[in-house]
Novice: 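Questions regarding the structure given below will be posed in turn.
First the proteins, then the strands, lettered A, B, ... as listed; each starts at 1.
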There are 2 protein chains.
Amino acid sequence: MANQLNQLDQIFAALADPTRRAIVMRLCAGEASVGELADPFDMALPSFMKHIHVLEVSGLVQSEKSGRVRTCRLSPDALLGAEDWFQQQRAIWEARLDRFEAYVMKLKKERAGAKRPSRTTKRKGS
Amino acid sequence: MANQLNQLDQIFAALADPTRRAIVMRLCAGEASVGELADPFDMALPSFMKHIHVLEVSGLVQSEKSGRVRTCRLSPDALLGAEDWFQQQRAIWEARLDRFEAYVMKLKKERAGAKRPSRTTKRKGS
DNA sequence: TCTATAGTTAGCTTCATGGCTAACCAATTG
DNA sequence: CAATTGGTTAGCCATGAAGCTAACTATAGA
């Protein structure tokens, strides 16, 4: 569980780098070798490999070596885990907005009630 | 546009830290002063303020000072921006899965057609 | 077997991050 | 006005991240 949270640290940290986001985007379209992945980047291979390693440690990417070529693939579960975090926050945020709106509505009603001698009966809004 | 991408860098980097994620989660529930936000953390104020600053630069949080108290609130747009990134990746991923599945289906059909005269229909496993 | 290819390891720089203390405003409050 | 509170600025330190080169391993191909 604390492990899970730590995983979130690593996933977000991994995605904070544009090179690594590009790798993830590339892998969304299908698996690829390290060489293929590295090709578009103007970067020494060892530097590039560090990015791959960060992605693997975060759990976003898995790889396996066969012969002398290492093939990388996306592991979609980790991506979903991070997406979940956003959805949870959004849910809390939206619940708050609902409460806020309800509060504003109540204020409005009270104010209206206090100011005027209730000329017409107020209906509840939406 | 490149600006937007840079924004993503900063948003993910901001969320990579558990303290800052906790701040964001706290702010989902409503605005708060720096002091209130800092209270649960065993950390010197200047250190804490750095986190607030990172969140502000990323666009996740806005704040305004009135009197001697600074009030922070979440700016949900930035959160949504990051969430969008995930959804786009997922869309690409799922499209690929669909293509892959279609490919496997085609293979199966060809193989079945070639090997056997189609004895029983296979049920989908779980 | 020799050579070229695909990664890997080791080690080095440079800069960013996350933490601290100490000293410093500037509003409130007594 | 004096003291407290809430935040800010400045500056220091340790660690880690991102890049590089050089040298190495191990497989594939000629």
Side-chain angles (χ1 to χ4, degrees), chain A residues 2 5-27 30-74 82, chain B residues 2 5-27 30-74 82:
Chain A
L5 293 184
N6 196 6
Q7 192 81 351
L8 260 193
D9 285 15
Q10 295 182 308
I11 291 176
F12 283 130
L15 295 177
D17 183 283
T19 300
R20 290 194 291 260
R21 275 203 310 282
I23 296 174
V24 167
M25 293 170 76
R26 168 61 234 274
L27 289 179
E31 59 183 42
S33 72
V34 168
E36 285 169 330
L37 289 173
D39 197 49
F41 298 95
D42 186 16
M43 186 183 293
L45 243 204
S47 316
F48 187 80
M49 285 293 295
K50 279 193 191 174
H51 288 297
I52 299 281
H53 186 239
V54 169
L55 287 168
E56 275 193 294
V57 167
S58 78
L60 284 167
V61 164
Q62 293 166 352
S63 77
E64 117 201 68
K65 194 167 181 175
S66 123
R68 66 184 163 173
V69 77
R70 176 174 295 278
T71 302
C72 303
R73 62 182 55 77
L74 200 66
Chain B
L5 292 184
N6 196 5
Q7 192 82 349
L8 260 193
D9 284 15
Q10 295 184 306
I11 290 175
F12 283 131
L15 294 177
D17 182 284
T19 300
R20 290 193 291 259
R21 276 204 309 283
I23 295 174
V24 168
M25 294 170 77
R26 169 57 233 278
L27 289 179
E31 60 183 41
S33 72
V34 169
E36 284 169 332
L37 288 173
D39 196 49
F41 298 96
D42 188 14
M43 185 183 294
L45 243 204
S47 315
F48 186 80
M49 285 294 295
K50 280 195 191 174
H51 288 297
I52 298 281
H53 187 239
V54 169
L55 288 168
E56 276 193 293
V57 167
S58 76
L60 283 166
V61 164
Q62 293 167 350
S63 75
E64 120 199 65
K65 195 166 180 177
S66 124
R68 66 185 165 179
V69 76
R70 176 173 295 279
T71 302
C72 304
R73 63 181 55 76
L74 201 65

Novice: From CD of A/Glu36 over to P of C/dA6, roughly how many Å is that when rounded to an integer?
Specialist: 10 Å
Novice: Could you pull out the closest heavy-atom pair between A/Leu60 and A/Leu74, with the gap in Å?
Specialist: O-CD1, 3.5 Å
Novice: Would you confirm whether B/Gln62, through its side chain, and B/Cys72, through its main-chain N or O, come within 3.5 Å as a donor-acceptor pair?
Specialist: no
Novice: Return the value, rounded to whole Å, for the distance between atom CD of A/Gln10 and atom P of D/dA17.
Specialist: 10 Å
Novice: Side chain of B/Met49 only, heavy atoms from C-beta on: which candidate in C/dG18, D/dG7, D/dC20 is closest?
Specialist: D/dG7
Novice: To the nearest 0.5 angstrom, please state how far the CG atom of A/Leu55 sits from the OG1 atom of A/Thr19.
Specialist: 10.0 Å
Novice: If you check every side-chain atom of B/Pro46, which of C/dG18, C/dG7, D/dT8 has the closest atom?
Specialist: D/dT8
Novice: Does B/Ser47 have a side-chain nitrogen or oxygen under 4.0 Å from the phosphate oxygens OP1 or OP2 of C/dG18?
Specialist: no
Novice: What is the distance from CZ of B/Arg70 to P of C/dC25, rounded to the nearest Å?
Specialist: 18 Å
Novice: With the side chain counted from C-beta on, respond yes when B/Phe41 and B/His51 share a heavy-atom pair under 4.5 Å apart, and no when they do not.
Specialist: no
Novice: Starting from the 5' end of DNA chain D, give me the residue, B/Thr71 or A/Asp17, whose nearest nucleotide shows up first.
Specialist: B/Thr71
Novice: Taking only the side-chain nitrogens and oxygens of B/His51, find out if one of them lies under 4.0 Å from OP1 or OP2 of C/dG19.
Specialist: yes
Novice: Between C1' on D/dC13 and NZ on B/Lys50, what's the gap in Å once rounded to a whole number?
Specialist: 10 Å
Novice: Just the rounded figure in Å: distance from C1' of D/dT5 to CZ of B/Arg68.
Specialist: 4 Å
Novice: Could you tell me how far apart A/Phe12 (CZ) and D/dA17 (P) are, to the nearest whole angstrom?
Specialist: 17 Å
Novice: Quick one: which of D/dT21, C/dG19, D/dG7 gets closest to the side chain of B/Val69?
Specialist: D/dG7
Novice: Return the value, rounded to whole Å, for the distance between atom CZ of B/Phe48 and atom C1' of C/dT17.
Specialist: 16 Å
Novice: Ignoring hydrogens and angles, tell me if any N or O in the side chain of A/Arg20 forms a donor-acceptor pair with the backbone of A/Ala14 under 3.5 Å.
Specialist: yes
Novice: How many Å lie between CE on B/Met43 and P on C/dG18, as a whole number?
Specialist: 9 Å
Novice: When we call it a touch if two heavy atoms are under 4.0 Å apart, what does A/Ser33 touch: a base, just sugar-phosphate, or nothing?
Specialist: sugar-phosphate
Novice: Nearest heavy atom decides the nucleotide; on that basis, is A/Ser66 or A/Leu45 closer to the 5' end of DNA chain D?
Specialist: A/Leu45
